[in-house]
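Letters A, B, ... are given to chains in the order of the sequence lines, protein chains preceding strands, and every chain is numbered from 1.
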There are 2 protein chains.
Amino acid sequence: MKSLIFIALTLFCVCQLAAQDQKLTWSKLASGVWAAKAGQPEKVNFTNTSGVAPKLEALNAMPNIEFPLAENEIKAVVFDGKTYLQFPLEVAEKIFGLGLNFKTVEQRGRILRLHMDHYGGKDDGRTHAPVPFYVSSKGYGVFINSARYIDVWAGTAVLKDSKIPVNARDRNTDKNWTSQPYSDNVSFLVPAEGVEIIVFGGPTALDAVSRFNLYNGGGCLPPKWGLGFWHRTPTLYNDEKVLNEVAEFKKHQFPLSVIGLEPGWQSKSYPCTYEWDPGRFPDPAKLMTQLKEQGIQTNLWINPYISPESELIKKLKPFTASHTVWDGYVPDYSLPEVNTIIGDHMKKYLLDPGVSGFKMDENDGYDNWLWPDVTLFPSKIPAEQMRQLYGVMMQKMTTQLYHEQNHRTYGLVRASNAGGVSFPYVIYNDYYSHRDFITALINSSFIGVLWTPEVRGSKTAEEWLRRMQTVCFSPLAMLNAWSDGTKPWSFPEVEKQVADVANLRMQLIPYIYTCFAEYAFYGRPPMRAMNLVDGFTSSDETVKGKLNSTENPYAEATKKEMKDQFMVGDNLLVAPLFTGETERKVILPKGKWYDFYTGKLAGEAEVINVKPGLDKIPVYVRDGGIIPMFETAQASLKSGEKNNLVVRFYGKKEATYKLYDDDGETFDYEKGAFSWREIKVIDAKGGKLKGSISKAEKSKPDNIGTVEFQWMTE
Amino acid sequence: MKSLIFIALTLFCVCQLAAQDQKLTWSKLASGVWAAKAGQPEKVNFTNTSGVAPKLEALNAMPNIEFPLAENEIKAVVFDGKTYLQFPLEVAEKIFGLGLNFKTVEQRGRILRLHMDHYGGKDDGRTHAPVPFYVSSKGYGVFINSARYIDVWAGTAVLKDSKIPVNARDRNTDKNWTSQPYSDNVSFLVPAEGVEIIVFGGPTALDAVSRFNLYNGGGCLPPKWGLGFWHRTPTLYNDEKVLNEVAEFKKHQFPLSVIGLEPGWQSKSYPCTYEWDPGRFPDPAKLMTQLKEQGIQTNLWINPYISPESELIKKLKPFTASHTVWDGYVPDYSLPEVNTIIGDHMKKYLLDPGVSGFKMDENDGYDNWLWPDVTLFPSKIPAEQMRQLYGVMMQKMTTQLYHEQNHRTYGLVRASNAGGVSFPYVIYNDYYSHRDFITALINSSFIGVLWTPEVRGSKTAEEWLRRMQTVCFSPLAMLNAWSDGTKPWSFPEVEKQVADVANLRMQLIPYIYTCFAEYAFYGRPPMRAMNLVDGFTSSDETVKGKLNSTENPYAEATKKEMKDQFMVGDNLLVAPLFTGETERKVILPKGKWYDFYTGKLAGEAEVINVKPGLDKIPVYVRDGGIIPMFETAQASLKSGEKNNLVVRFYGKKEATYKLYDDDGETFDYEKGAFSWREIKVIDAKGGKLKGSISKAEKSKPDNIGTVEFQWMTE
């Protein structure tokens, strides 16, 4: 009885409007990872929902460092049913992350509500991956493990009792008056009576991101075929048209690894049956076998809303929400029953006949196309949390289905979040600003998600080629022609250039696959922001003299947001051009950088101006950069079939590189069936370079035929 | 002890995530007004904060009607610390209100989060008056008395167990597929564990609005000078420049009732001192006396943020929030101490020397210019509620200050909300779309607020004149030239036309003042939406045949949103033109309508096309319309000075009209010192009309000289 009264009194106190200052006790979870609880954290959060274990071994192999913030400057208060959090900011500190933003890279000075939604053109927190994680240029990260709509004031909230004293100015007369006075903190409002906070150390920003990714299970490792070229057919195509389309790719000598079928593969869609339309696809297993024989996988579009006419409904209906979407039932994916019912259905009708994966649409929101937040789910998980997590839960279910079959999948999703790092899905949307797509690609690297700047249509051949050039340097190289039926060769005047970059993508698979292995094993994002590269990560570079674009353009440029160039792995720097541009500025980090195509020196810690022509997307390689490539674009991505390699080498510096390999399609690598082969370039004598590659470990998959070194820099 | 355990257990249950269905018990508060409580409503709400008593006598004089909704179709659930509300919608029902929207009038099909903010260009609920009240075309209103950020799904949420059964369509093949399936309800998510709901009956939508207004204390009655012409001077003007500006108005023969001084009247601003700048205004009392002698009142700009250099701070600081805005302290206006400290300061430095009122800026938000929601206020009222209520609290304090002095005030504010109906403030903002300003004027009439489409600058003489024409038919006719220093005569090519409409505004004061008296006494908004006019209020008009713009344009037009024409009182219909337009369509309600300027028949229940020329704004008068006007624009607005009247009469129908009058400047009318004089027009013989006006009641103020009737329609 006493303890009941105690509980009761405690609850009573919580319900009163009194601000409860929370003492935060930081416990170390792994090397460079600490957690603390404010108030009573909810059970539903990102890590519990994903159910993915942290990669402790990899984490603990990272440097053991000190807690990166002043503990006494982190404040937590529980008040009004919410948790108020405050983290210190130093004067020159930059903040990155806080969701998949499309227009900005630096978040200091911004106010966001992290809310799952279709991106609506404003970096206000409503986006496809509203991840409550930020990385600081000081080399640490902060993760708020709550699937609520979290408000963030990233260096805008000004405290009355700040260490930096109030400095009021008169707007009438003082020219230095500013509408945004200096703020010394990042603040969060979490609408729950408690929350788990996790801090990731560095020492670099890339280390902090890597630790965040590893804590969330590490990045995904796609099957090799996932890194080839994808194409999606118009929505009402039938089996014959699909086969014809595939034949056209052959005819035009374009690579093709995955064909995507859009809503019309189903008997009904919006809401969906998850059942093949017998008219358009009388024998899907046969079709998919025919495709596989040509090295082509099949990916299916779905959305979450289930048609009353699906065979699923009889069993599923009791496990669906109070509200419908497009008059379709909304499965409560937090329930094991739902995963079993839909999982069994998918296995029977889709996986077993040979479907390689899914494009999971419309799980992100856009308020008018989603259940309202007053929806009640049978699990009693509030609609707000369901919305933040729905995409993650769909990814989890399908990932597990394929895992059970020991086939890797790779697919597309509109919604992801923290917890989803290890699931093999790439985010896409309908926003279609090419420039902003690249900024999103950059931002995806801070928050443990993947993003594709997919190509749909274009107004001009120039735009078409520019878009194709960037998508081929992204996590998923796809032409999504579901609506307008464009083909890669739809603009004949640039057909060759498009084929060139698509073939280059195919040839780069050994390099890109290794980037993904680094993501999976070490948490390092495959494509990444310049702000995660040495020399741009820390804000303690002292810049001498005035900052302006004539006296010291490099310092000036690196102080600006870098939102139109990015890295692929450690060695490639990609600087896309957009429609209407014939030249652009490229910021080269410290060290020498070489032109990818010619091997010529491009520059060193400087801003260069380049006019690459329409044919090429500017790409640069680090000094000592080793780029393993397939000898030809016709390489086979099937397990066990050997491909010859060409290893390009740039610059003059001795270097080593670890090339990852495994069977490329199963989960056997989780049991050790992989190898990291060392490629080594040494200065044999007087500047004469010599390359070597180690053998695959005994009894490990070996898909490499001959290896030829190309010395790109004369 | 037992009761403690009971409380404890109750609280424990509330804290569990179980959906608690609430039984709603409706109690009648007045004729046609019912309230029910779901869960445990919070003490802080709109009606408690405003502290204004309902006008019960006026409410009970309205028709006694039945509860307007099916009680069993109103649902309330308390879950996850929030209250979920659901109200039924019928098929043809339209929904109006839900905050000060700028682009839409009809809200059915919309999703909003009612959140105090500067209007940002989208009708998403973020606006200067996010009032949680809607009016139905079926003639009732629903008010959610909670100052939280309330989410609304106004006819978008589709229930699995709706009476209208699920009607899933196949998007692949069904042309009738829609992205917005039929919804049978309005749903609210109130982030609090309980809420008071108040329902207002009709029978018409205007009745429901009137009841809402009366329940909130009735509309404001401005002083007569408030309805004259206003002008604001550039921010750094001094006393001499102000007097020169006033002299220019005389010289150009433009009316002027109020001069507004912008931030520079203060010693410091952003944050503010609320103290005169001794350099620019060495003797403010003298200046204001000089102005009053010319019939001109003085209005002062302020914002809420107090400079550390204000004399106020010594006493005020302990009663300010944890965060600052522009490094200024944020007073907690919910505390009596704040009202006393700031009230005394204002009396001493501002009211006593003769200031007539305030323009209260930046209390609405725009997130980057406000305290964050993690701010803690000394009263322990959460920042969310403070934000929703701040404008109302500032209005309340200043209204009370003037009430104590028995001087009416009239001013401007950026933020209002439910509860603020009776406070004499008009909302304005920086958005400046002329067309959307008119839509806002229309929407203000549904939600108990006033809005001015103030004029600032213009690109062309045409725009200048068109804007001046509309502001002269609004609650507050103002040129706000603080930033660019334009004058009414800044476009010489339209100087005469601008003067004409400004003078017309002055002449119309008897009519407009009466409109406001109807607002104050009967709750009827002075300017109002067409959807509040007979013939447009109900959705049960049956329209025969197909709706299209060639076969039955009237029915078609009245089914569209009416967002560019409005009523001033019962008798005037105003149909503005916007830049670039030389003609427009005007929808005339049932009954005959006459041209205001010529008295000629314009039409009857039809859509007319008008080409008024640049000089005139189209205005129409109802059949039997009586429009009392001052004989000249030089009428005195001072109490006790008599003005001659001209009473215009339109059409042929016998009619009566009640003309309101009182001293025009004190609160003596609250003690009965007013009269409603009856103006009567009868058909004396064979179509010969005859007019009469009753005398003012004995010992009541009488400001009317001679009365002349003008028979506008021959």
Heavy atoms only, distances under 4.5 angstrom: which of B:G328, B:S307, B:A321 has the most pairs with chain A? Name it, please.
B:A321
Taking every non-hydrogen atom, the tightest pair across B:H323 and A:A157:
CD2-CB, 3.7 Å
Which atoms of B:S187 are under 4.5 Å from chain A, going by heavy atoms: the side chain, the backbone, both sets, or neither?
side chain
Output the option from B:N167, B:D151, B:V330 having the highest count of non-hydrogen pairs under 4.5 Å with chain A.
B:N167
Which residue out of B:E309, B:E384, B:Q180 racks up the most heavy-atom pairs below 4.5 Å with chain A?
B:Q180
Please give me the minimum heavy-atom distance between B:K160 and A:K317, naming the atom from each residue.
NZ-O, 3.4 Å
Mind telling me whether A:W177 and B:W326 have parallel, tilted or perpendicular rings, with 30° and 60° as the class edges?
tilted
Bottom line for B:E262: the part with an atom under 4.5 Å from chain A's heavy atoms is neither
For B:S322, which atoms come within 4.5 Å of any heavy atom of chain A: side chain, backbone, both, or neither?
backbone
So, the part of B:R110 with a heavy atom under 4.5 Å from chain A: the answer is neither
Which one of B:T178, B:T320, B:D373 has the most heavy-atom pairs closer than 4.5 Å to chain A?
B:D373
What part of B:T324 gets within 4.5 angstrom of chain A, counting heavy atoms only: side chain, backbone, both, or neither?
both
Considering only heavy atoms and a distance below 4.5 Å, find which of B:T235, B:L370, B:D367, B:T375 pairs most often with chain A.
B:D367
Counting heavy-atom pairs under 4.5 Å with chain B, the top scorer among A:P191, A:P372, A:G109, A:P271 is A:P372
What are the two closest heavy atoms between B:L376 and A:F79, and how far apart are they?
CD2-CD2, 3.6 Å
Can you tell which part of A:S267 gets under 4.5 Å to a heavy atom of chain B, answering side chain, backbone, both or neither?
backbone
Side chains of B:Q266 and A:N172: is there a donor and an acceptor less than 3.5 Å apart?
no
Relative to chain A, which segment of B:Y305 carries a heavy atom at a distance below 4.5 Å: side chain, backbone, both, or neither?
neither
At a 4.5 Å cut-off on heavy atoms, which part of B:L159 comes close to chain A: side chain, backbone, both, or neither?
both
Is B:R148 salt-bridged to A:D80, going by a charged N under 4.0 Å from an acidic O?
yes
